[in-house]
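Throughout, a chain's letter reflects where its sequence line sits, starting with A, and its residues are numbered from 1. When reading the values below, keep in mind they use all heavy atoms of this one structure, side chains included, and skip hydrogens, waters and symmetry mates.
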2 protein chains.
Amino acid sequence: MPTAKEKAEQEIMTIGVRRGNAAKGIRQISRASIEARILAAAESVFAETGFSGATTAEIAKRAGVPKANLHYYFKTKTDLYRQVLQGILELWLGTGDLIKPDSDPAEALNHYVAAKIELAQQRPLASRVFANEIIHGAPQIGDFLQEELRDWVDRKARVIDGWIAAGKMRKVDPRHLFFMIWANTQTYADFAVQIAAVLGRESLTPEDYQLAAKQVSEIILSGCGLNAQA
Amino acid sequence: MPTAKEKAEQEIMTIGVRRGNAAKGIRQISRASIEARILAAAESVFAETGFSGATTAEIAKRAGVPKANLHYYFKTKTDLYRQVLQGILELWLGTGDLIKPDSDPAEALNHYVAAKIELAQQRPLASRVFANEIIHGAPQIGDFLQEELRDWVDRKARVIDGWIAAGKMRKVDPRHLFFMIWANTQTYADFAVQIAAVLGRESLTPEDYQLAAKQVSEIILSGCGLNAQA
DNA sequence: GTCTATAAACTGATAGAC
DNA sequence: GTCTATCAGTTTATAGAC
């Protein structure tokens, strides 16, 4: 028979804290952890079935909370979806830090491709939720694309144009170069099922991702008149 | 006031033929045209909202037929979806005909990229329905990927390995080369909203597709140690 | 804060008259 | 073959007891 203290801790671990049996600090930690569990569950369900196909019942089930609680923490299914997307967008813009004027072009682009492939391997669900949102017209993040993302690409494009003007690489359209890199890396997350099927595997192996990063880097760098990296 | 004949023709054009007012031949043509309209409407709705988000009511509305008739021509929503996919797959394998042993590698790959970009431009909805299906685990076309598509890629990979062995191009992994080409071309259909937003446009222009085809071809061919085409 | 029960709205599919 | 009316099953969201 568990003590009252053990029972309370069990509740913190599993379904959160009931009012009155935990200090404020612990309650906040617990609340944050419940929200994190719901967000993680939501990401997986949205990735598998898209926004419309996802049900709050399934998300709640995977998060291990009653459906009513999900609606207590996130008012509507759309609110939950928006917050999942928000987390993904923050992940996205974090890469590409090495693309700055005084970097070596080959090193910077190689690093960017590797980081994006790494993300495809580590967070394929996030990539799929994002891809699904864009394919269906970006109803929730259209503003982000036209503002933050466009600004980000404009800044990076200026860097690349600078490299070209300095004779450090072949003349290419910098924006379409980014479209190429995004497509080539994200495809290993979004289309993993197709790629695995063509390779005759159940799922992609670490070696597949490694070869993908190597070849994508080589072809794109070479296409930009740069030497491949070790 | 329309004559009886005009009225009958109008019905053929709009909702098909009622029993008794058309010969068998005309009825069959009409039936095919109704099915084609439903399939086209279904493609657009599936592309916009995915399988789960699509409603048979919306598809019927766009096709200009009562919902019950849609279920008369296509028993279930899944049946309709499968037939839409079927048409898309046939479209897909048609390209790549020039990738055969005695072709010039640069010409063949350039032609393949151009054909795929052309398809992205002409049939973006088809590309999005396909992408949506793959992202969500290919529940309906998993078999196609493991059989027909895998065989197709195996055959083409042998051709490319032959070109490499003959010293006609740099050594690359042929399968990952296809993944690159698919990703780079289909992204202009699937992610058109994102690309247009980054380019600051309402939608992509013919010049955008032309530049895309040119740059994708240049970078991939150069990356394969081949000279760019005119 | 948690959870059961249920309201309110939607959707795929069909019955049955024409 | 066509079409209106409707059923049966889901699904989002909330009320209200604890």
Side-chain angles (χ1 to χ4, degrees), chain A residues 7-35 37-38 41-42 45-46 49-82, chain B residues 7-8 10-35 37-38 41-42 45-46 48-84:
Chain A
K7 195 149 176 286
E9 281 168 352
Q10 180 63 19
E11 281 170 348
I12 292 173
M13 296 296 287
T14 54
I15 55 168
V17 182
R18 290 165 196 282
R19 180 173 42 159
N21 65 358
K24 198 184 178 194
I26 293 174
R27 182 157 70 249
Q28 285 183 331
I29 290 170
S30 183
R31 180 180 184 112
S33 98
I34 292 174
E35 288 179 353
R37 286 171 60 129
I38 294 173
V45 177
F46 285 133
T49 61
F51 176 77
S52 307
T55 66
T56 53
E58 176 64 21
I59 295 172
K61 186 181 161 196
R62 289 197 199 180
V65 302
K67 190 170 54 133
N69 294 29
L70 182 150
H71 283 283
Y72 171 74
Y73 286 105
F74 301 89
K75 202 85 182 78
T76 68
K77 178 181 165 182
T78 303
D79 283 344
L80 176 55
Y81 178 62
R82 281 214 197 88
Chain B
K7 195 149 173 287
Q10 178 63 18
E11 282 170 349
I12 292 173
M13 295 296 288
T14 54
I15 54 168
V17 182
R18 292 164 195 284
R19 181 172 40 159
N21 65 357
K24 197 184 177 193
I26 292 175
R27 182 158 70 246
Q28 285 182 330
I29 288 170
S30 182
R31 181 183 183 110
S33 98
I34 291 175
E35 288 180 352
R37 286 171 60 130
I38 293 173
V45 176
F46 286 133
E48 283 173 27
T49 62
F51 176 76
S52 307
T55 65
T56 53
E58 176 63 22
I59 295 171
K61 187 180 160 197
R62 289 197 199 181
V65 303
K67 189 169 57 132
N69 292 29
L70 181 149
H71 284 283
Y72 170 76
Y73 285 105
F74 301 89
K75 203 84 181 79
T76 68
K77 180 181 165 183
T78 302
D79 282 344
L80 176 54
Y81 179 61
R82 281 215 197 88
Q83 292 205 31
V84 169

Write down the distance between [atom1] ([X]) and [atom2] ([N]), rounded to a whole number of angstrom.
X     : N      : atom1 : atom2 : value
B/L70 : D/dT2  : CG    : C1'   : 13 Å
B/L80 : C/dT11 : CG    : P     : 16 Å
A/F74 : D/dT14 : CZ    : C1'   : 18 Å
B/D79 : C/dA13 : CG    : C1'   : 12 Å
A/I38 : C/dC3  : CD1   : P     : 11 Å
A/I59 : D/dT11 : CD1   : P     : 12 Å
A/K61 : D/dT10 : NZ    : P     : 14 Å

Exercise: identify the closest heavy-atom pair between [X] and [Y]:
X     : Y     : answer
B/T56 : B/L70 : O-CD1, 3.8 Å
B/Y81 : B/F51 : CG-CD1, 3.5 Å
B/A54 : B/T49 : N-OG1, 3.1 Å

**Asked** OG1 of A/T55 to NZ of A/K77: how many Å apart, nearest 0.5 Å?
**Response**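 The distance works out to 7.5 Å.
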Which nucleotide, [options], lies nearest any side-chain atom of [X]?
X     : options               : value
A/A68 : D/dT2, C/dT2, D/dT14  : D/dT14
B/H71 : C/dT2, C/dT14, D/dG1  : C/dT14
A/T56 : C/dT11, D/dT12, D/dC3 : D/dT12
A/N69 : D/dA13, C/dC3, D/dT4  : C/dC3
A/R31 : D/dT11, C/dT11, C/dG1 : C/dG1
A/Y72 : D/dT11, C/dT2, C/dG12 : C/dT2
A/T76 : D/dG1, C/dT4, D/dA13  : D/dA13
A/Y73 : C/dT2, C/dT4, D/dG1   : C/dT2

**Message:** Once you apply a heavy-atom cut-off of 4.0 Å, does A/A54 come out as touching a base, just sugar-phosphate, or nothing?
**Reply:**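 The residue A/A54 makes sugar-phosphate contact but no base contact.
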**Message:** When you compare the side chain of A/R37 with that of A/V65, does any pair of heavy atoms fall below 4.5 Å?
**Reply:**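 Side-chain contact under 4.5 Å: no.
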**Asked** Can a side chain N or O of B/K67 be found less than 4.0 Å away from OP1 or OP2 on D/dT2?
**Response**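 No, because none of the side-chain N or O atoms of B/K67 sits under 4.0 Å from OP1 or OP2 of D/dT2.
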